[in-house]
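A quick note: this is a predicted structure, and the numbers were derived from the prediction, not measured. Atoms considered below: every heavy atom in the structure, side chains included; atoms not considered: hydrogens, waters and symmetry mates.
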Amino acid sequence: MRPSFLLVVGLLQVSSLLFSQECQLIKETDPYTRQTRLSTGFIELTGGSLVADADSKEIDIMITFKTDRCFDDDCTALVYFEGGKQKLSLRNGGTMNCEGLFHFIFRNGPTVNYQLKKMATMAITHMVFTDRNGKTIPVTLSALQQEKLRTALRCFTDEAPKLLQQQ
């Protein structure tokens with residue numbers, strides 16, 4: 001019985017090491033407020049990049065476009081998932097800007113928002129953003145980008161609620 005117990009313990013340690021290497025979030029502490037922030041760092045997408053940041057109050061997923069586009073709170077994004085039948089419609093949660101910055105903002109709480117959880121567990125094939133002038137901006141994700149984004153968001157949704165305990 002002793003060797004099987006050691007085998008189980010060894011497998012648990014290896015799996016935790018593999019998972020921790022998979023989740024490479026940037027953790028920073030604000031020197032003034034002493035609040036911890038998490039970030040995924042920038043993830044390159046076709047036509048832009050994405051970064052997710054979280055603190056104890058909110059989770060902000062920001063998409064930066066390589067061309068300057070104007071967005072306000074009436075702008076929307078459609079997020080399409082693998083299989084083609086499921087999609088999410090989200091509004092820009094950021095301030096009005098003409099720097100090409102679009103934000104998905106979710107409240108950070110003890111349970112993960114349904115829309116954010118869906119983005120973290122299902123493969124996103126493409127997103128279509130509508131700017132202030134009504135022009136659409138398609139962003140298609142390669143298979144590698146889909147997996148990288150899903151892994152980063154999954155790690156993020158696992159770690160972000162832990163920031164509530166540090167208040």
Side-chain angles (χ1 to χ4, degrees), residues 22-28 30 35-165 167:
E22 188 178 310
C23 291
Q24 297 177 351
L25 298 177
I26 301 165
K27 198 174 201 177
E28 299 173 328
D30 186 291
Q35 283 196 336
T36 303
R37 292 187 59 81
L38 293 176
S39 178
T40 59
F42 282 94
I43 299 170
E44 285 299 317
L45 305 175
T46 307
S49 59
L50 179 145
V51 64
D53 294 313
D55 60 22
S56 61
K57 294 178 181 66
E58 70 181 18
I59 297 170
D60 180 4
I61 300 173
M62 180 180 72
I63 291 89
T64 306
F65 293 96
K66 294 183 179 169
T67 59
D68 291 341
R69 296 291 184 125
C70 294
F71 295 106
D72 58 24
D73 58 355
D74 286 332
C75 297
T76 59
L78 290 173
V79 179
Y80 292 88
F81 298 97
E82 196 169 54
K85 293 187 186 243
Q86 295 187 27
K87 66 182 176 183
L88 283 178
S89 178
L90 300 167
R91 287 198 169 286
N92 178 29
T95 58
M96 197 288 285
N97 71 82
C98 287
E99 288 88 36
L101 305 175
F102 194 101
H103 295 264
F104 301 132
I105 297 181
F106 305 97
R107 180 178 293 258
N108 192 4
T111 58
V112 178
N113 174 289
Y114 166 77
Q115 296 167 321
L116 180 57
K117 189 171 194 99
K118 190 170 189 173
M119 291 173 67
T121 56
M122 297 182 69
I124 298 171
T125 57
H126 64 286
M127 298 180 268
V128 179
F129 297 86
T130 306
D131 69 8
R132 192 172 70 182
N133 299 324
K135 293 184 181 177
T136 59
I137 309 154
V139 175
T140 304
L141 283 75
S142 68
L144 181 63
Q145 291 170 335
Q146 289 176 27
E147 187 55 34
K148 189 171 183 179
L149 178 59
R150 185 172 44 191
T151 300
L153 291 178
R154 191 177 332 114
C155 294
F156 211 66
T157 56
D158 290 342
E159 294 297 318
K162 295 176 185 175
L163 295 173
L164 297 171
Q165 300 164 357
Q167 286 183 333

How close do Cys98 and Arg132 get, heavy atom to heavy atom, and via which atoms?
SG-NH2, 4.1 Å
Main-chain N/O of Ser142 paired to Gln145 side chain as donor or acceptor, under 3.5 Å:
yes
Within-4.5 Å side-chain heavy-atom neighbours: Arg69 and Glu99:
no
For Cys70 and Asp131, work out which heavy atoms get closest and say how close.
O-CB, 3.3 Å
Please identify which of these residues, Asp53, Asp60, Thr95, meets the side-chain hydrogen bond (donor to acceptor under 3.5 Å, both in side chains) condition with His103.
Asp60
Shortest non-hydrogen separation from Ala152 to Leu25 and the atoms involved:
O-CD2, 4.4 Å
Does the side chain of Phe42 come within less than 4.5 Å of Thr64's, by heavy atoms?
yes
Start with the C-alpha distance between Arg91 and Asp73, add both sets of side-chain angles, then the distance that settles side-chain contact (heavy atoms from CB on, under 4.5 Å), and finish with yes or no.
CA-CA 7 Å; Arg91 287 198 169 286; Asp73 58 355; over 6 Å; no
Trace of the side-chain contact (heavy atoms from CB on, under 4.5 Å) decision for Leu149 with Leu50
CA-CA 9 Å; Leu149 178 59; Leu50 179 145; 3.6 Å; yes
Are any of the side-chain heavy atoms of Met127 and Leu45 separated by less than 4.5 Å?
yes
Could you check if a side-chain atom of Thr130 sits within less than 4.5 angstrom of a side-chain atom of Cys75, using non-hydrogen atoms only?
no
Just wondering, do Leu164 and Pro110 contact through their side chains at under 4.5 Å, heavy atoms?
yes
Worked check of side-chain contact (heavy atoms from CB on, under 4.5 Å) between Thr157 and Asn113
CA-CA 9 Å; Thr157 56; Asn113 174 289; over 6 Å; no
Under a plain distance cut-off of 3.5 Å, with no hydrogens placed, do Thr151 and Glu147 share a side-chain donor-acceptor pair?
yes
Any non-hydrogen side-chain atom of Phe156 less than 4.5 Å from a side-chain atom of Leu116?
no
Would you say that Val139 contacts Phe129 through its side chain, given a criterion of any heavy-atom pair below 4.5 Å between the two side chains?
yes
Can you tell me how far apart CE (Met119) and CG (Leu88) are? Round to the nearest 0.5 Å.
7.0 Å
Spacing of Ile59 atom CD1 and Asn108 atom CG [to the nearest 0.5 Å]
4.5 Å
How far apart are the closest heavy atoms of Val112 and Pro161, and which atoms are they?
CG2-CG, 4.2 Å
Looking only at non-hydrogen atoms, find the nearest pair between Asp72 and Asp74 and report the distance.
OD1-N, 3.0 Å
Taking Thr40 for the side chain and Ala52 for the main chain, is one N or O donor matched with an acceptor at less than 3.5 Å?
yes
CG (Asn97) and CG (Asn92) are apart, to the nearest 0.5 Å, by 7.0 Å
From Phe71 atom CZ to Met96 atom CE, the distance as rounded to the nearest 0.5 Å:
12.0 Å
Atom pair CD1 (Ile124) and CD (Gln146), whose distance is rounded to the nearest 0.5 Å:
8.5 Å
Can you tell me how far CZ of Arg37 sits from OG of Ser56, rounded to the nearest 0.5 angstrom?
9.5 Å
May I ask you to decide if the ring planes of Phe104 and Phe106 are parallel, tilted or perpendicular, using 30° and 60° as cut-offs?
tilted
Take a 6.0 Å sphere around NZ of Lys118 and say whether it holds more than 12 heavy atoms from other residues, nucleotides or ligands.
yes
Hey, are Glu28 and Thr36 close enough side-chain-wise for a donor-acceptor pair under 3.5 Å?
no
A side-chain contact here means heavy atoms from C-beta on lying under 4.5 Å apart; do Gln86 and Met122 qualify?
yes
N/O donor-acceptor pair under 3.5 Å between Thr140 side chain and His126 backbone
no
Salt-bridge contact Glu44-Lys66 (side-chain N to carboxylate O under 4.0 Å):
yes
Closest approach of Ala160 and Leu38, non-hydrogen atoms and distance?
N-CD1, 3.9 Å
